[in-house]
Amino acid sequence: MASNSSTTRRIGDVAVSAIGLGGMPMSIEGRPDEARSIATIHAALDAGITLIDTADAYHLDSSDIGHNETLIAKALNSYGGDTSGVLVATKGGHLRPGGGAWTLDGSPKHLKQAAEDSLKRLGVDAIGLYQFHRPDPKTPYEESIGAIRDLLDAGKIRLAGISNANPDQIRQANDILGGRLVSVQNQFSPKFRSSEPELELCDELGIAFLPWSPLGGISNAGDLGTKHPAFHTLSAELGVSPQKLTLAWMLAKSPVVIPIPGSSRPETIRDSYSAIDLTLTPEQVAALDAA
């Protein structure tokens with residue numbers, strides 16, 4: 001795989017910032033007040049971020065479904081600058097009934113209604129990127145992806161992706177979508193590396209790979225350096241945060257990688273975005289790969 005330090009990368013035919021903003025921490029348990037969240041989104045836009053990741057399930061319980069989508073729409077509408085180049089990626093197929101529980105509904109009926117509801121919350125004519133959130137054991141995978149294909153064909157969504165998928169599902173989804181699969185959003189971090197096969201397949205097929213929880217998740221991101229000594233040591237040598245180093249490492253792995261670190265503070269998303277300016281040597285990347 002070739003490294004790429006460009007500030008932009010591609011999802012389908014759309015150029016986006018090489019690092020995106022993950023919206024989940026702004027809407028689930030422990031979320032900040034709305035003013036700080038909007039300030040975080042505005043800081044991301046100021047920095048140059050043009051990819052914002054959300055989902056209809058980013059909320060507390062069934063009383064505020066789509067909280068994060070609504071929040072992002074509000075932040076974009078209140079931003080003083082041009083937001084026409086911002087790609088908002090949302091997802092459907094997960095539900096959060098309450099108490100922190102996550103459930104699944106990958107039925108075509110649910111996905112099509114969920115997309116309609118997301119359209120309204122985002123206030124757009126077509127969703128920029130719509131991703132099937134997670135396979136549902138109760139629904140054949142081809143039926144779920146068939147619903148995404150139908151949404152794409154109907155012009156309800158401009159781009160189609162999947163999340164939490166294995167290599168077979170990536171190939172199957174791309175086949176069902178007629179070669180139009182543009183993104184795979186899987187968990188990937190220094191701690192969680194079992195998505196390497198999916199990353200490699202995306203690199204081979206030219207499909208964007210969007211690591212979620214790239215810094216280890218909301219509760220672990222601050223301890224990334226202490227839990228992964230190789231990242232701590234090299235970040236200290238380079239005079240950068242372990243978090244910034246981690247994102248630079250991911251960018252160097254393949255030009256299809258676009259990390260989407262979650263953030264709820266302006267200063268953390270600024271630090272994350274600055275990773276696009278950190279170029280690592282092949283030896284440094286190899287050392288982190290082996291860590």
Side-chain angles (χ1 to χ4, degrees), residues 11-17 20-28 31-96 105 108-133 147-163 180 182-183 185 208 210 212 258 260 262-264 266 269:
I11 298 179
D13 59 357
V14 178
V16 298
S17 53
L21 168 65
M24 189 173 77
M26 294 182 252
S27 291
I28 64 167
R31 66 191 187 193
D33 61 68
E34 184 177 277
R36 194 176 98 188
S37 291
I38 288 178
T40 300
I41 297 168
H42 287 177
L45 297 170
D46 287 342
I49 285 176
T50 58
L51 172 65
I52 302 178
D53 175 75
T54 184
D56 62 357
Y58 294 166
H59 56 78
L60 291 176
D61 55 42
S62 56
S63 70
D64 71 342
I65 293 171
H67 177 275
N68 198 245
E69 292 176 326
T70 302
L71 176 71
I72 287 167
K74 185 172 183 177
L76 290 173
N77 288 334
S78 63
Y79 185 64
D82 180 17
T83 59
S84 61
V86 176
L87 179 65
V88 176
T90 193
K91 300 180 286 294
H94 246 321
L95 302 100
R96 297 198 81 212
D105 189 344
K109 180 181 178 181
H110 172 78
L111 289 173
K112 290 180 179 182
Q113 185 59 54
E116 293 284 357
D117 294 342
S118 291
L119 267 172
K120 293 185 180 73
R121 284 189 291 265
L122 293 170
V124 294
D125 296 326
I127 294 169
L129 170 60
Y130 196 68
Q131 301 173 107
F132 178 40
H133 205 150
I148 303 297
R149 178 198 59 215
D150 292 348
L151 289 165
L152 188 61
D153 290 342
K156 299 285 186 179
I157 65 177
R158 299 191 193 283
L159 299 168
I162 54 177
S163 184
R180 294 177 293 173
V182 300
S183 67
Q185 183 171 326
L210 314 181
W212 63 263
I258 308 171
I260 44 172
S263 185
S264 62
I269 194 58

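Keep in mind the model is a prediction, meaning the values are calculated, not measured.
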Student check: side-chain heavy atoms of [X] and [Y] closer than 4.5 Å:
| X | Y | value |
| --- | --- | --- |
| M26 | I72 | no |
| I52 | I41 | yes |
| I127 | L119 | yes |
| L71 | I38 | yes |
| L210 | I11 | yes |
| N77 | T83 | no |
| S264 | R31 | no |
| Q131 | D53 | yes |

Under the criterion side chain to side chain contact (heavy atoms under 4.5 Å, CB included), I'd like the reasoning laid out for V88 against L129: C-alpha separation, chi angles, the key distance, then a yes or no. CA-CA 7 Å; V88 176; L129 170 60; over 6 Å; no

A208 backbone acceptor or donor facing S183 side chain under 3.5 Å: no

T50 (side chain) donor-acceptor with S17 (main chain) under 3.5 angstrom: yes

Classify the ring geometry between Y79 and H42 as parallel (under 30°), tilted (30 to 60°) or perpendicular (over 60°). tilted

Other residues, nucleotides and ligands only: do more than 12 of their heavy atoms fall within 6.0 Å of CG on D33? yes

Atom CZ of residue position R158 - does it have more than 12 heavy atoms of other residues, nucleotides or ligands inside 6.0 Å? no

From [X] [atom1] over to [Y] [atom2], what is the distance, rounded to the nearest 0.5 angstrom?
| X | Y | atom1 | atom2 | answer |
| --- | --- | --- | --- | --- |
| D56 | S27 | CG | OG | 11.5 Å |
| T54 | M24 | OG1 | CE | 10.5 Å |
| Y58 | H94 | OH | NE2 | 8.0 Å |
| L122 | L76 | CG | CG | 8.5 Å |
| T90 | H133 | OG1 | NE2 | 8.5 Å |
| Y130 | K91 | OH | NZ | 10.0 Å |

Taking all non-hydrogen atoms of both residues into account, name the closest pair between [X] and [Y] and its distance.
| X | Y | value |
| --- | --- | --- |
| A89 | L51 | CB-CD1, 4.3 Å |
| R96 | I28 | NH1-CG2, 3.4 Å |
| I148 | A160 | CG2-CB, 3.7 Å |
| E69 | S118 | OE2-OG, 2.7 Å |
| S37 | P32 | OG-CG, 3.3 Å |
| R121 | G66 | NE-CA, 3.4 Å |

For H110, which residues count as a ring-ring contact (aromatic ring centres under 6.0 Å, His included) partner, sequence neighbours excluded? none

With sequence neighbours excluded, what pairs up with K74 under the salt bridge (Lys or Arg N to Asp or Glu O under 4.0 Å) test? E34

Please name all residues satisfying side-chain contact (heavy atoms from CB on, under 4.5 Å) with S263, sequence neighbours left out, ordered by chain then number. L21, T40, T268, I269

Determine, step by step, whether K156 and D150 satisfy the salt bridge (Lys or Arg N to Asp or Glu O under 4.0 Å) criterion, reporting the C-alpha distance in whole Å, the side-chain angles of both residues, the deciding distance to 0.1 Å, and the verdict. CA-CA 9 Å; K156 299 285 186 179; D150 292 348; over 6 Å; no

